[in-house]
Q: 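Let me give you the structure first, and then I'll get to my questions.
Fair warning: this is a prediction, and the values are worked out from it, not measured in the lab. Throughout, protein chains are lettered first and strands after them, A, B, ... in sequence-line order, and every chain is numbered starting at 1.
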Amino acid sequence: MLDARLLRTDLPATIAALARRGKPELIDQLQTAAALDSRLREITSERDTVRARVNELSKEIGRLRRQPDAGDEAERLATESRAFGEQERQLAEDHGAISAQLRDIMLGLPNLPSELAPDGAGEDDNVVVKGPIGLPDEYPDHQLVPHWETGAALGILDNERAVKLSGAMFTMTRGLGATLGRALCQLALDRNADAFEEIRPPSLVTSATLTASGQLPKFADDAFAIERDDLWAIPTAEVPLTSIYRDEVLADTDLPVRMMAYTPCYRREAGSAGKDTRGMLRAHEFDKVEILALATPEQSPDLLDELLGRAEATIAALELPYRIIDICTGDLGQTHHRSFDIEVWSPGTQAWLEVSSVSWFSDYQARRANIRFRRTGQKGTEIVHTLNGSALAVPRVWAAILENHRQPDGSVVIPEVLRPYMRGADVILPK
RNA sequence: GGAACGGUGGCAGAGCGGACAAAUGCACCCGCCUUGAAAGCGGGAGGGCGCAAGCCCCGGGGGUUCGAAUCCCUCCCGUUCCGCCA
């Protein structure tokens, strides 16, 4: 959520910043919000004046009641106060209605893009800032095979039966395929354990938790809901991790807080019907290791670099060809202030696959989640900044390994760094 | 799932219709003392909105009242006991 103060102190600059997302309707909403906010302040002031009068009278009545010889002056004041009470009720009602309207708009408005984010209208204007790295000039034929074919041939991917269990867009790995997925998670956790606390959060969360990180109310259709119990399946570990310190005040000496979690992730992929339906590229359920930080505004730029660096190093260690994309203003996610994607080349599908997304949310999420910090020796509190990134998302990396590391005989060589997690296997051979 | 008891400031914990933003202790900040620290002594300090006056915040919501942390209703959460269980 944006800071409501921007509406009154810095409206033109806020409009200019939001305009960079290229969605004119957002500007209309922002202006409506500014009008509501100013009306709200008028009503608040009126209401408070009436309340002050009621409080004053009540105190006086109390004082009179305690004096035995005060007569019926107290009753007279009580009658007067009752009339103010009526007024107050009306004003409070108006106040409630307007602030609800304002809140609805504010919850729907996206974050302001960073000044550093490149301008652009959409995906096509994203900027490649690094790479491609490790991309061969030419791929041999045996590596141009899509992972679903190799996976099926090796007996490590069984999506036909996954569909029997759960329907379309669910996947199932077996044997060394299952081991490979788990090994990837373990690798990602181990590589970041030097600085990040490992968390195993719940995978089902309340609406309040999903609202705090920005998925609700706008993206309700994208999440799996367990309606009977009013719970949601998390689309990413970002959701529970962001809410861990919800409604808390941290000390600046505790920052940055670094956390990581391996969790399953659930996405309805509403609107993606028919897209990437084969293989592992898009599924309702997948595994991911997420790294996340809570920080002061000053710490955030360095942390963004660090998170990106960590995600990149893991991909590089897996000997996969990759590039890094700087997301432009028109393609920036709702909650994002600045964002980078890491993409891996899939020779089997002839496409760049997004395998990691590293983002800085400025104070947008933390304001929703009400996560604050106190500077030592200073009064008051400030909103923290949040950042996160996928340390490793299993399915697409799994797919890229099957394609990029496929041998002429149809086997798949396990990258060196994964072997300690593969029970000694260094290659996946046909059955 | 049933029963009982609870939810108050960073934490612990009093208050149970009016003088309560709320005792007290711990933690915190500033002094004094000390070579330095600890202890001790003195002082300070909750959060939010507002230019301000002022208003709001004692789990959430609603009600009673001139007036609610305090009474009533409701929901949520916690602890303990019972039941059930990986």
Side-chain angles (χ1 to χ4, degrees), chain A residues 1-11 33-68 70-103 106-107 200-212 216 226-232 240 243-255 257 294 363 366-384:
Chain A
M1 199 153 57
L2 298 178
D3 186 350
R5 260 174 293 224
L6 293 173
L7 299 175
R8 10 199 214 260
T9 61
D10 231 355
L11 189 59
L36 285 171
D37 177 69
S38 117
R39 177 80 188 112
L40 189 65
R41 273 183 304 153
E42 281 172 33
I43 290 192
T44 304
S45 161
E46 277 179 59
R47 185 200 60 186
D48 288 355
T49 306
V50 176
R51 278 187 181 169
R53 186 71 185 129
V54 170
N55 289 343
E56 209 177 293
L57 286 170
S58 295
K59 266 191 199 130
E60 183 60 21
I61 291 164
R63 206 174 306 131
L64 289 172
R65 287 264 167 91
R66 262 172 275 115
Q67 296 173 1
D72 57 359
E73 177 66 0
E75 304 320 309
R76 207 185 58 72
L77 292 182
T79 308
E80 192 183 339
S81 183
R82 240 190 306 268
F84 282 116
E86 273 310 307
Q87 258 187 60
E88 195 273 347
R89 222 184 308 278
Q90 186 56 51
L91 288 166
E93 204 173 293
D94 295 349
H95 182 276
I98 291 173
S99 72
Q101 271 181 57
L102 180 59
R103 187 182 154 77
M106 292 305 281
L107 277 177
R200 182 31 268 237
S203 314
L204 300 180
V205 299
T206 61
S207 298
T209 299
L210 217 53
T211 304
L216 288 182
I226 295 147
E227 281 181 44
R228 190 163 77 152
D229 297 292
D230 193 27
L231 289 168
W232 302 76
S243 270
I244 284 179
Y245 291 107
R246 194 168 79 213
D247 296 321
E248 295 192 26
V249 179
L250 304 165
D252 59 353
T253 49
D254 291 335
L255 298 174
V257 171
L294 309 178
D363 60 4
R367 180 168 294 105
R368 285 174 172 239
N370 190 28
I371 308 170
R372 294 170 294 167
F373 74 99
R374 203 187 305 276
R375 293 189 195 266
T376 305
Q378 286 188 30
K379 287 196 61 145
T381 59
E382 289 177 52
I383 311 272
V384 305

Q: Using the P atom in both, what is the distance from B/rC55 to B/rA22, to the nearest Å?
A: 14 Å
Q: With rounding to the closest Å, how many angstrom separate the C1' atoms on B/rG43 and B/rU35?
A: 26 Å
Q: For A/Asp10, which residues count as a side-chain contact (heavy atoms from CB on, under 4.5 Å) partner, sequence neighbours excluded?
A: A/Leu6, A/Ala13, A/Thr14
Q: Write out a two-atom table: protein N or O, nucleotide N or O from nucleotides 51-57 of chain B, distance below 3.5 Å.
A:
unit_1	atom_1	unit_2	atom_2	d
B/rC55	OP1	A/Asn55	ND2	3.2
B/rC55	O2'	A/Asp48	OD1	2.8

Q: I need the CG-C1' distance between A/Leu250 and B/rG47, as an integer number of Å.
A: 15 Å
Q: What's the CD1-C1' distance between A/Ile383 and B/rG47, to the nearest Å?
A: 12 Å
Q: Could I get the full list of side-chain contact (heavy atoms from CB on, under 4.5 Å) partners for A/Ile61, not counting sequence neighbours?
A: A/Arg65, A/Ala74, A/Leu77, A/Ala78
Q: List the atom of A/Phe373, the atom of A/Ile383, and the distance in Å for their closest heavy-atom pair.
A: CE2-O, 3.7 Å
Q: By nearest nucleotide on RNA chain B, pick out whichever of A/Arg372 and A/Val54 is the more 5' one.
A: A/Arg372
Q: Suppose you measure atom C1' in B/rG7 against the same atom in B/rG61; what distance do you get, rounded to whole Å?
A: 16 Å
Q: In whole Å, measure the gap between the C1' atoms of B/rA14 and B/rA21 for me.
A: 15 Å
Q: Only counting residues at least two apart or in another chain, list the ones meeting side-chain contact (heavy atoms from CB on, under 4.5 Å) with A/Ala251.
A: A/Thr253, A/Asp254
Q: Each nucleotide N or O in nucleotides 70-78 of chain B that has a protein N or O under 3.5 Å away: list the pair and distance.
A:
none

Q: Which residues pass the side-chain contact (heavy atoms from CB on, under 4.5 Å) test with A/Asp37, sequence neighbours left out?
A: A/Leu7, A/Arg8, A/Arg41, A/Leu102
Q: Does A/Glu75 offer a backbone N or O that forms a donor-acceptor pair with the side chain of A/Thr79 under 3.5 Å?
A: yes
Q: So which heavy atom on A/Leu294 is nearest to which on A/Leu255, and how close?
A: O-CD2, 3.5 Å
Q: Roughly, in whole Å, what's the span from CG in A/Leu77 to P in B/rU65?
A: 18 Å
Q: According to side chain to side chain donor-acceptor pair (under 3.5 Å), who are the partners of A/Glu56, at least two apart in sequence or on a separate chain?
A: A/Arg53
Q: Quick one: which protein N/O atoms are closer than 3.5 Å to N/O atoms of nucleotides 16-21 of chain B? Pair and distance per line, please.
A:
unit_1	atom_1	unit_2	atom_2	d
B/rG18	O2'	A/Arg66	NH2	3.2
B/rG18	O6	A/Arg65	NH1	3.2
B/rG18	N2	A/Ser58	O	2.7

Q: Between B/rC66, B/rG46, B/rC49, which one does the side chain of A/Ala78 approach most closely?
A: B/rC66
Q: Can you list the residues that meet the side chain to side chain donor-acceptor pair (under 3.5 Å) rule with A/Asn55, with sequence neighbours excluded?
A: none
Q: Kindly give the heavy-atom pair with the smallest separation between A/Ala366 and A/Val384, and that separation in Å.
A: CB-O, 3.2 Å
Q: Nearest 0.5 angstrom please: A/Asp94 CG to A/Ser99 OG, how far?
A: 11.0 Å
Q: Starting from P on B/rC29, measure out to CG on A/Asp252 and report it in whole angstrom.
A: 12 Å
Q: Go through the structure and list residues passing side chain to side chain donor-acceptor pair (under 3.5 Å) with A/Arg76, not counting sequence neighbours.
A: A/Glu73
Q: Search all heavy atoms of A/Arg246 against all heavy atoms of A/Ala369 and return the closest pair with its distance.
A: CG-O, 2.8 Å
Q: Taking the P atom of each, how far is B/rG60 from B/rA69, in whole Å?
A: 12 Å
Q: In this structure, how many angstroms lie between the C1' atom of B/rG47 and the CD atom of A/Glu382, rounded?
A: 15 Å
Q: I'd like the P distance from B/rC49 over to B/rG10, given in whole Å.
A: 15 Å
Q: What parts of residues 81-90 of chain A reach RNA chain B, counting only heavy atoms under 4.0 Å away?
A: A/Ser81, A/Arg82
Q: Report the distance from atom CG of A/Asp247 to atom P of B/rG48, rounded to the nearest whole Å.
A: 13 Å
Q: Sub-3.5 Å donor-acceptor pair from the side chain of A/Arg47 to the main-chain atoms of A/Leu91, do we have one?
A: no
Q: Rounded to the Å, how far apart are A/Ile371 CD1 and B/rG10 P?
A: 16 Å
Q: Keeping the roles fixed (side chain from A/Arg368, backbone from A/Leu107), state whether a donor-acceptor pair exists under 3.5 Å.
A: yes
Q: Checking all strands, does A/Thr381 fall into the base, sugar-phosphate, or nothing category for heavy-atom contacts under 4.0 angstrom?
A: sugar-phosphate
Q: Would you measure the distance from the P atom in B/rA27 across to the matching atom in B/rA12 and give it in whole Å?
A: 15 Å
Q: Please give the distance between the P atoms of B/rC51 and B/rA38 as a whole number of Å.
A: 42 Å
Q: From A/Thr381 OG1 over to A/Arg375 CZ, what is the distance, rounded to the nearest 0.5 angstrom?
A: 11.0 Å
Q: Please state how far atom CG in A/Asp37 lies from atom P in B/rC49, giving the value in whole angstrom units.
A: 12 Å
Q: Which heavy atom of A/Asn370 sits nearest to which heavy atom of A/Arg372, and what is that distance?
A: OD1-NE, 3.4 Å
Q: Can you give the dot-bracket line for RNA chain B, where a pair is Watson-Crick or G-U wobble with both atom distances under 3.5 Å, crossing pairs use [ ], and | marks a partner on another strand?
A: ((((((((.[[[..)..(.....]]].(((((.......))))).((((....)))).[[[[[..)....]]]]])))))))....
Q: With the side chain counted from C-beta on, respond yes when A/Leu2 and A/Met106 share a heavy-atom pair under 4.5 Å apart, and no when they do not.
A: yes
